[in-house]
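Below is one structure; the comments refer to it alone.
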Amino acid sequence: MPEISLTLPDGSQRTLEEGATTADLALDIGKRLAKDALIGVVDGVELDLDVALPDGATVEIVVPDSDRGLHTIRHSTAHVLAQAVLELWPGATFAIGPPIENGFYYDFELPDGATFSDEDLAQIDAKMREIIKARQPFVRSELPAGAALELMADHQYKRAIIEAVTTGGQDSELAGEADGDIISFYRNTDAFVDMCVGPHVPHTGHLGQFKLMRVAGAYWRGDEKNQMLQRIYGTAWADKKQLATHLHNLEEAAKRDHRKLANDMDLLSFPSTLGGGLAVWHPKGAAVRKLIEDYSRERHEQGGYEFVYTPNLANGKLFETSGHLDFYADGMYPPMEMDNGTYYPKPMNCPMHCLIFDRGQRSYRELPLRLFELGTVYRYERAGTLHGLMRIRGFTQDDSHIYCTEDQLADEVASLLDFVISVLKAFGFEEFVFNLSTRDPEKSVGTDDIWELATEALRSALDRHGLEYGVKEGDAAFYGPKIDVDVKDAIGRSWQLSTIQADFNLPDRFELEYVDDDGGRKRPIMLHRALLGSIERFFGVLLEHLAGNFPVWLAPTQVSVLPVAASHEAYAHEVADRLRAGSLRTEVVEANDPLGKRIRNTKMQKVPYILVVGDDDVANNTVGVNVRGADSPERDVAVELFMARVVRENEERLAEVGTELPA
RNA sequence: GCCCGAAUAGCUCAGUUGGCCAGAGCGCUGCUCUUGUAAAGCAGAUGUCGUGGGUUCGAAUCCCACUUCGGGCUCCA
């Protein structure tokens, strides 16, 4: 019997009989591996376990607890979902069902326009578990396009995919469905076959640690002009523990949802009578917001920005000049017809800043001119897109427009990057991701030269800082390239906050000019930039990042003083007055309820410091200190000592609470 | 805007197939308790059951429209 020689990822060699498969290789290595093996990676290509191996191949055996393994499990689970749905809804058809982060989805069209509801999930889940219990094999077959079309005669979306790939249409979304002229299929039973590139787990018995999460609508091929399909999302994992961990993480994320915390901590609300996507800030939320804005102003003042104010309304002519009425009228609130013109709520501040630049003659000596405004704008976001503070219709940008010369552009962007990082770090963000978005030739204005110049300026600024960054080809705004800055939050989620955009469209439209050192008139380049982005959205991100545990300098109440009994109230107020004199936001919670209850309530409000004062403290001029997050209180702390520590934390805007323990 | 779902007291929620005066816990008010580290006791008040219309002898409950919210899709200057 001829033999083949195989190389394992660790470099070791194995010799097997010709015709041996990855499954045979796994068995040759060990029983346990043979049981766990899902697919093989043969010379870099993922293949089913039962494919015969070529001589000399390098083979990696994929087990569940790996990226490739999870991917395969999720992909195979999606097939099981499709099988269940097609069985439960005769006449249903299916479209695309890929693995995604943490799970999978599958899109369906039900007969007679029927839709899924949440109640259907239990039934589908039960059917899927039957299929899994039956340990159905995934049997691969291949057909030429013509026969494939015939096999999928009843499934218009699958046929559309076959036609798309066989006519040479390159499409990453369809890459997992079919590829090239030979179409592959995976058959689980006589009744169920799905078109798929594969590979899949050997049989459905390898699956089962999944949960169907939700039903949703989704457009065919992601285009809102197309048919709306019914999508089911699920999560799937290698083992029970991973699944439980994932579900637990979702619960933890829900606990820090900014909408829940904003409600629980009485920070702000979205009264339905106010209208969708509009928030009112309650005293405690407003206190935090004001501190964020104060800090922003302070930093901009130090950074050489000049502060401006502009109105919330503008004559429509302004937005005709800027071009926004042509491009973005859909996103603007509708016009107000007045006897002297048509007015719109402003959707951005830039045109007004251009008016300020344009007032009077500008000299190159004034550049870079940095105009800054906490500018409130209104955008008519579509109803279905609103999401708490993250997507809102009225919001305030920490907006600046910088007018500079071509020569100044790169330096200006470079110093902006420092500024961005420094400001975001002050709020406790540690990890940043940078992206450079480049020109979309189809949707852009301006010459090649100036795009090149601007893109190079952004690129060189990133390089100069030694920052790693991704490039999003063609993702720029129509008027110029941009750098976006995402932050990673405490539980690893990514949020886009800052943006730095070069613009050579608006200076043109507004015919902005400065007088250069040679006496000639030149057009400035304009940079748009927002650091926090929208204050509202930033507040939401920060709230979730911190899970509501604002550092001392941002906490709406920094210290709560709790007298043990009514007899200690006078002393409690005395302590509170001293703290307030040190500019600490301090509350006294009087002894109307038992101490335990007041401690509980105050802790639930996430107050950084809770002081308990009783007989000993009155006698010795001390306090009992409960540091947020600490296990046990510190007793008999001298008031001056406590105060010095918290005043320092407050003034130095320290990110952590209780970093300095009393001596 | 599109698909699915939800809206009941300040908050979190219960309210069977339509049927007495719409409930609970927390919170609130009052009284008692005077408290040393995560929920004291008793009593009381709380409601346009999101809004408007319809079906019905009768609607929180069924139907329609609208508003707002949640999960997605699309969009995000």
Side-chain angles (χ1 to χ4, degrees), chain A residues 105 107 109-110 113-121 213-233 254 257 259-260 263-264 266 269-278 319 322-332 347-351 377 379-388 390-393 443 476-479 482 496 499 501 503 505-506 528 534 537 562-569 590-604 610-617 623-626 630-636:
Chain A
Y105 69 78
D107 287 345
E109 187 175 52
L110 301 183
T115 55
F116 291 122
S117 70
D118 292 333
E119 289 77 54
D120 295 328
L121 291 182
M213 302 301 285
R214 59 183 75 97
V215 300
Y219 299 105
W220 165 239
R221 304 298 310 277
D223 186 335
E224 66 179 325
K225 292 187 206 68
N226 287 342
Q227 173 71 30
M228 170 74 69
L229 302 174
Q230 295 286 303
R231 177 172 296 180
I232 293 177
Y233 281 96
D257 187 307
R259 295 162 300 185
K260 175 178 162 50
N263 192 43
D264 292 350
D266 193 20
S269 59
F270 298 89
S272 60
T273 41
L274 184 60
L278 299 169
F319 300 117
S322 70
H324 289 101
L325 263 181
D326 286 341
F327 289 104
Y328 306 108
D330 288 350
M332 292 170 65
M348 76 294 298
N349 306 299
C350 24
V377 297
R379 298 181 183 178
Y380 193 75
E381 304 288 358
R382 294 211 280 176
T385 62
L386 300 174
H387 182 90
M390 303 306 189
R391 192 78 178 267
I392 191 170
R393 284 180 174 151
K443 279 167 60 182
F478 72 94
Y479 50 72
K482 63 174 177 174
Q496 191 198 308
T499 183
Q501 308 179 349
D503 182 356
N505 179 49
L506 276 190
H528 303 242
S534 114
R537 178 180 154 84
L562 279 53
V564 171
S567 59
H568 311 117
E569 278 177 6
E590 295 190 338
N592 296 323
D593 283 310
L595 181 63
K597 180 169 185 171
R598 284 178 287 146
I599 296 229
R600 176 184 154 81
N601 289 343
T602 314
K603 285 196 171 182
M604 290 204 303
I610 300 172
L611 302 185
V612 174
V613 295
D615 288 336
D616 298 349
D617 300 296
V623 291
V625 181
N626 295 266
D631 293 334
S632 53
E634 303 159 26
R635 292 285 298 272
D636 308 317

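We name chains A, B, ... by the order of the sequence lines, and we start the count at 1 in each one. Note that this is a predicted model, so its numbers are computed, not measured.
- Tested against A:V623 for a side-chain contact (heavy atoms from CB on, under 4.5 Å), the candidates A:I610, A:L611, A:L562, A:D616 yield a single pass: A:L611.
- Although no hydrogens or angles enter the test, the distance criterion places no donor-acceptor pair under 3.5 Å between the side chain of A:N601 and the main chain of A:R598.
- Atoms CZ and CE, on A:F319 and A:M348 in that order, are 6.0 Å from each other to the nearest 0.5 Å.
- Rounded to an integer number of Å, the gap from A:E590 CD to B:G36 C1' is 18 Å.
- For the C1' atoms, the distance linking B:A59 with B:C75 amounts to 40 Å, nearest Å.
- A:D617 comes within contact range of at least one nucleobase, with a heavy-atom separation under 4.0 Å.
- Between B:C49 and B:A65, the distance separating the two P atoms is 22 Å to the nearest Å.
- Rounded to a whole Å, the CG atom of A:N592 is 12 Å from the P atom of B:U32.
- The closest side-chain heavy-atom distance from A:C350 to A:L506 is below 4.5 Å.
- RNA chain B is contacted by both A:G624 and A:E119; A:E119 maps to the nucleotide lying nearer its 5′ end (nearest heavy atom per residue).
- Under the 30°/60° scheme for interplanar angles, the aromatic rings of A:Y479 and A:H528 are found to lie parallel.
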Q: Check the pair A:R259, A:N263 against side-chain contact (heavy atoms from CB on, under 4.5 Å), reporting the backbone distance first and the verdict last.
A: CA-CA 6 Å; A:R259 295 162 300 185; A:N263 192 43; over 6 Å; no
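- Side-chain nitrogen and oxygen atoms of A:S567 include none within less than 4.0 Å of the OP1 or OP2 phosphate oxygen of B:U34.
- The distance from atom NZ of A:K603 to atom C1' of B:A39 is 13 Å, rounded to the nearest whole Å.
- Using N1 to N3 plus N6-O4 or O6-N4 for Watson-Crick, or N1-O2 and O6-N3 for G-U wobble, each under 3.5 Å, B:A43 pairs with B:U29.
- With a 4.5 Å cut-off on side-chain heavy atoms, A:D615 and A:H568 count as touching.
- Residues A:L110 and A:T115 are not in side-chain contact: their nearest non-hydrogen atoms beyond the backbone lie 4.5 Å or more apart.
- Base pairing annotation: B:U16 forms no Watson-Crick or G-U wobble pair, as no partner gives both donor-acceptor distances under 3.5 Å.
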Show the distances under 3.5 angstrom between N or O atoms of the protein and N or O atoms of nucleotides 10-16 of chain B.
residue : atom : partner : partner atom : Å
B:C11   : O3'  : A:N263  : ND2          : 3.3

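- Here the separation of B:C64 from B:G5, taken at their P atoms, is 11 Å to the nearest Å.
- Between B:A40 and B:U35, the distance separating the two C1' atoms is 9 Å to the nearest Å.
- Rounded to the nearest Å, the gap between the P atom of B:C28 and that of B:U16 is 31 Å.
- Across all strands shown, B:C69 forms a Watson-Crick or G-U wobble pair with B:G5, both key distances being under 3.5 Å.
- At a threshold of 4.0 Å, the pair A:R221-A:D223 does not count as salt-bridged, since none of the basic side-chain nitrogens sits closer than that to a carboxylate oxygen.
- Look at B:C49: it lacks any Watson-Crick or wobble partner with both distances under 3.5 angstrom.
- For the C1' atoms, the distance from B:C42 to B:G19 is 36 Å, rounded to whole Å.
- Straight-line distance between the C1' atoms of B:G15 and B:C21: roughly 15 Å, to the nearest whole Å.
- A:G596 comes within 4.0 angstrom of sugar-phosphate atoms only, judged by non-hydrogen atoms across all strands, and of no base.
- Figure legend. B:A22 is base-paired to no nucleotide; pairs are counted as Watson-Crick or G-U wobble with both atom distances under 3.5 Å.
- Closest-nucleotide positions on RNA chain B for A:H568 and A:T115 were compared, and the one nearer the 5' end corresponds to A:T115.
- The main-chain N or O of A:E590 is never found under 3.5 Å from a side-chain atom of A:E569 such that the two would form a donor-acceptor pair.
- Nucleic acid contact class of A:K597 (heavy atoms, under 4.0 Å, all strands): sugar-phosphate only.
- Rounded to a whole Å, the CG atom of A:N601 is 13 Å from the C1' atom of B:C28.
- In this structure, A:R537 contributes its side chain and A:I392 its backbone to no donor-acceptor pair below 3.5 Å.
- B:G30 and B:U68 are spaced 38 Å apart, taking the P atom of each and rounding to whole Å.
- Pair assignment for B:U34: none, as no Watson-Crick or G-U wobble contacts are both less than 3.5 Å.
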Q | Sequence-aligned protein contact record of nucleotides 70-77 of chain B, with B where the base is within under 4.0 Å of a protein heavy atom and S where only the sugar-phosphate is | A | SBBBBBBB
